[in-house]
Amino acid sequence: MDSVDFDPTNRTPLARTATSAKIVVAGGFGVGKTTFVGSVSEITPLTTEAVMTEASSGIDDLRHTPGKVTTTVAMDFGRVTLDSELILYLFGTPGQHRFWFMWDDLVRGAIGAVVLADTRRLADSFGAIDYFEERRLPYIIGMNCFEGVAQYPVDDVREAMAIPADVPIVKCDARKRESTKQALITMVQHAMQRWHARDTIGAY
């Protein structure tokens, strides 16, 4: 996607090419990653959902997602244009540990990640957090607000998850486009700050 500016001295059109960036959406099993990508994508999202079978019995915890009958086995993919100069490509990771061998490929080239968290089972997000911290990839926490689930102050969640003070934690509803879009904007801003700090003072 291109936009056009005009040189104020001679009115000559100047082409400006939009920048694209890759964002990873991660988190535990059934936390809402596929829903997050689907709600904000301006194209029909590519999903690799498969029907859950008896093979997952005793492995995948369905206590908090009793109606879940499919699961992501490779990735989810979507695209959203934040403005005329920035296009985001979204890659949702599979949540089950047995599919984590694919993460290295999905994360390659990403500027950052949104780690979705369910306040009923925060520990399910620890693996994703550890993964991004070990690779020094900027990330934010998205507290997915499920209906009928008690909501907690951000500071309480930060303390419970031992999240550093400089990592943003935002409340979001993975079903709502504007909510997920705001989470992505926060992610981009955070990534830009981290990369700028790294380039200027080698801080990250």
**Asked** Which residue, Val170, Leu122, Val157, forms the side chain to side chain contact (heavy atoms under 4.5 Å, CB included) with Met143?
**Response** Val157
**Request:** Say whether, by atom type as modelled, one donor and one acceptor occur between the side chain of Thr81 and the main chain of Asp83 under 3.5 angstrom.
**Result:** no
**Asked** Which residues pass the side-chain contact (heavy atoms from CB on, under 4.5 Å) test with Ala174, sequence neighbours left out?
**Response** Thr35, Phe36, Asn144
**Asked** Where does the angle between the aromatic ring planes of Phe132 and Trp103 fall among parallel (under 30°), tilted (30 to 60°) and perpendicular (over 60°)?
**Response** parallel
**Request:** I would like to know whether Val167 and Glu133 meet side-chain contact (heavy atoms from CB on, under 4.5 Å); could you show each step before the answer?
**Result:** CA-CA 11 Å; Val167 174; Glu133 287 186 344; 5.7 Å; no
**Prompt:** Tell me, which pairs form a side-chain hydrogen bond (donor to acceptor under 3.5 Å, both in side chains) where one or both residues lie in residues 170-186, sequence neighbours left out?
**Reply:** Ser39-Thr180, Glu147-Arg175, Asp173-Arg175
**Asked** Below 4.5 Å, heavy atoms only, C-beta onward: do Asp104 and Arg135 meet side chain to side chain?
**Response** yes
**Request:** List in chain and number order the residues that pass side-chain contact (heavy atoms from CB on, under 4.5 Å) with Pro153, two or more places apart in sequence or in another chain; answer none if no residue qualifies.
**Result:** Asp156
**Message:** With rounding to the nearest 0.5 angstrom, report the CG to CG distance, Leu88 to Leu82.
**Reply:** 4.0 Å
**Prompt:** Can you name the one residue among Met187, Lys33, His190 that meets side chain to side chain contact (heavy atoms under 4.5 Å, CB included) with Val114?
**Reply:** Met187
**Message:** Do Val31 and Asp124 have side chains that approach each other closer than 4.5 Å (heavy atoms only, starting at C-beta)?
**Reply:** no
**Prompt:** Under the 3.5 angstrom rule, does the side chain of Ser125 hit a backbone N or O of Leu116 as a donor-acceptor pair?
**Reply:** yes
**Message:** Taking side chain to side chain contact (heavy atoms under 4.5 Å, CB included) as the criterion, tell me which of Leu90, Val80, Val37 meets it with Ile23.
**Reply:** Leu90
**Close side-chain approach of Pro94 and Leu106, heavy atoms under 4.5 Å** = yes
**Message:** Going by the rule salt bridge (Lys or Arg N to Asp or Glu O under 4.0 Å), which residues pair with Arg79 if we only count those two or more places apart in sequence or in a different chain?
**Reply:** Glu42
